[in-house]
Amino acid sequence: MSETRNITRRSALKFGVAAAASLPFSSSLVGRATAQEQVKFTLPWIPNGSSYWPMIGKEIGVFAKHNIDMSVARGFGSVAAAQAVASGQFDFGMVFAGGNFLAAARQLPIVVIATVYYDPIMGIALRADSPIKTPKDLEGKKLGTVPTSAESPFWPAFAKNAGIDMSKVSLVQVDSKVIERALIDKQVDATTAVGTSSIPLIAAMGERPRFLPWSRYGVELYAGQIVTRPEIVEKNPELCQKVVDSVLGCYAHTLREPQSSLELFAKVMPEVGLTRGGMESARIAQGLTQLATQRPEAIENSLGWSDLDKIPGMIDLIMEFGAPKDAVRPDPATLVTNRFVGNVKLTPEEWAKVKENTSEFAAYLGES
């Protein structure tokens, strides 16, 4: 589990992380798609409960249905994964929105062709017995954070929106390997965190954490997104459609069959089942991810749908808190498209079942 944590923390929204190493990309995907086309796809980091679903595409027959043969590689953080797609090491990937928008701000060629789920669940992790009930209660307390983490740059945005006097909060820098333990052992009163990473780890330590999501206070970013390069969208839209339908088809399968999907994940990646607490951590991470998928974008339209009216505000957030000074604000109209989404939908009955299946995970976030 420590490896998963380290890689998650490397998904920091600070440009300059080295691009993911990958196998040589031997065949060009620019051009007309052919039957059983070889496709190389990168994840944002090592497969876990919040990102594994493309790995089961062969087993459930989704890739064969769309006439592609997709190999799925682990990533080394969202920023590195976005760079790897933009540079041509991979032609498609699933990358968190922050990494995508930051890559675009550095004028790298990247385009978002689907949004898989809608909240990276950045926020404040708390012990179950913590007296901290509201954001203002953080004043006078010790707040642990990993400076290079994905969420840490957005702490000032949350503090501003929530009316917290930052001068009254003691910010403590903690190593990524021990930040959850620092919370449990009461070395700090709270931590900044990405929920899909920290909550499963804290739960594996025998604690039941509470969590204050920043999205409730206007710090809103989308989470996992399918990305490619603009040249592929222009010259091979047929393949873009196949990849979007395939990856979203895999995700739809996990929404409909969460437990059997996790068992299939453990079959494809046996170390998940062999690691102490691995399956339970994957189950919690999957549940939180599926919770963050239940948004009007997906329910009222289709899986993969992006609310284009929200994108400018997310870009503004990245430019103010996550981008270097020489970054250039990307054009929302060319950065995100809904052109390839709309084919993968759940019925109202299926969404109701997803809500039922994720009810236990909503309690971590203080939802009913």
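Quick note: residue numbers are just sequence positions, from 1. Remember, it's a predicted structure, so these values are computed and weren't measured experimentally.
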Report task. Check the pair Gln294 / Thr358 against side-chain hydrogen bond (donor to acceptor under 3.5 Å, both in side chains), numbers first and verdict last. Result -> CA-CA 10 Å; Gln294 297 170 64; Thr358 57; 2.9 Å; yes
Measuring from atom [atom1] of [X] to atom [atom2] of [Y], what distance do you get when rounded to the nearest 0.5 angstrom?
X: Leu102; Y: Ile315; atom1: CG; atom2: CD1; answer: 11.5 Å
X: Leu138; Y: Asp189; atom1: CG; atom2: CG; answer: 8.5 Å
X: Lys242; Y: Asn236; atom1: NZ; atom2: CG; answer: 8.5 Å
X: Met314; Y: Asp316; atom1: CE; atom2: CG; answer: 11.0 Å
X: Leu43; Y: Ser51; atom1: CG; atom2: OG; answer: 5.0 Å
X: Ile121; Y: Trp214; atom1: CD1; atom2: CH2; answer: 13.5 Å

**Report entry** Nearest atoms (heavy-atom pairs only) where Ala362 meets Leu291
**Finding:**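 Looks like CA-CD2, 3.6 Å.
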Query raised in the report: Does the distance from a Lys or Arg side-chain N to an Asp or Glu carboxylate O, for Asp326 and Arg106, drop under 4.0 Å?
Result: yes
Query raised in the report: Below 4.0 angstrom, N of the basic side chain to O of the carboxylate: do Lys40 and Asp91 qualify?
Result: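 Looking at Asp91 together with Lys40, the answer is no, because their closest N to O distance does not fall below 4.0 Å.
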Indicate yes or no: at least one non-hydrogen side-chain atom of [X] is less than 4.5 angstrom from one of [Y].
X: Asp69; Y: Phe63; answer: no
X: Ser306; Y: Glu297; answer: no
X: Phe96; Y: Leu221; answer: no
X: Pro156; Y: Met166; answer: yes
X: Pro237; Y: Arg339; answer: yes
X: Glu207; Y: Leu183; answer: no
X: Val344; Y: Asp245; answer: yes
X: Gln286; Y: Leu262; answer: yes

Query raised in the report: With sequence neighbours excluded, what pairs up with Tyr217 under the ring-ring contact (aromatic ring centres under 6.0 Å, His included) test?
Result: Phe158
Report task. Mind checking ring-ring contact (aromatic ring centres under 6.0 Å, His included) for Tyr364 and listing every partner two or more places apart, or none if nothing turns up? Result -> none
Query raised in the report: Which one of Tyr118, Phe101, Tyr117 satisfies the ring-ring contact (aromatic ring centres under 6.0 Å, His included) criterion with Tyr222?
Result: Tyr118
Query raised in the report: Should Thr115 and Gln225 be marked as a side-chain hydrogen bond (donor to acceptor under 3.5 Å, both in side chains) after you check the CA-CA gap, both sets of side-chain angles, and the distance that decides it?
Result: CA-CA 4 Å; Thr115 297; Gln225 297 180 309; 3.0 Å; yes
Between [X] and [Y], is there a donor-acceptor pair closer than 3.5 Å when you use the side chain of the first and the backbone of the second?
X: Arg210; Y: Ile132; value: yes
X: Ser87; Y: Ala84; value: yes
X: Arg229; Y: Phe90; value: yes
X: Thr334; Y: Asp331; value: yes
X: Asp185; Y: Gln187; value: no
X: Ser170; Y: Lys142; value: no

Query - Greater than 12 external heavy atoms within 6.0 Å of Lys160's NZ - result: no
Query raised in the report: Got a sec: does the NZ of Lys141 have more than 12 other heavy atoms crowding it under 6.0 Å?
Result: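 Yes, the 6.0 Å shell around NZ holds more than 12 heavy atoms from other groups.
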Requested in this report: Quick one: list whatever passes salt bridge (charged side-chain N to carboxylate O under 4.0 Å, His left out) with Glu300, sequence neighbours left out.
Outcome: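 Per chain and number, Glu300 pairs via salt bridge (charged side-chain N to carboxylate O under 4.0 Å, His left out) with no residue.
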Report task. Determine, step by step, whether Thr145 and Ser152 satisfy the side-chain hydrogen bond (donor to acceptor under 3.5 Å, both in side chains) criterion, reporting the C-alpha distance in whole Å, the side-chain angles of both residues, the deciding distance to 0.1 Å, and the verdict. Result -> CA-CA 6 Å; Thr145 190; Ser152 190; 3.0 Å; yes
Query - Qualifying residue, where the test is salt bridge (Lys or Arg N to Asp or Glu O under 4.0 Å) with Lys353 and the options are Glu356, Glu349, Glu350 - result: Glu356
Report task. Verify side-chain hydrogen bond (donor to acceptor under 3.5 Å, both in side chains) between Thr254 and Ser261, making sure each step is shown before the conclusion. Result -> CA-CA 5 Å; Thr254 71; Ser261 295; 5.4 Å; no
Query raised in the report: What's the verdict on salt bridge (Lys or Arg N to Asp or Glu O under 4.0 Å) for Lys136 and Asp165, showing C-alpha distance, side-chain angles and the deciding distance?
Result: CA-CA 8 Å; Lys136 285 286 286 183; Asp165 185 344; over 6 Å; no
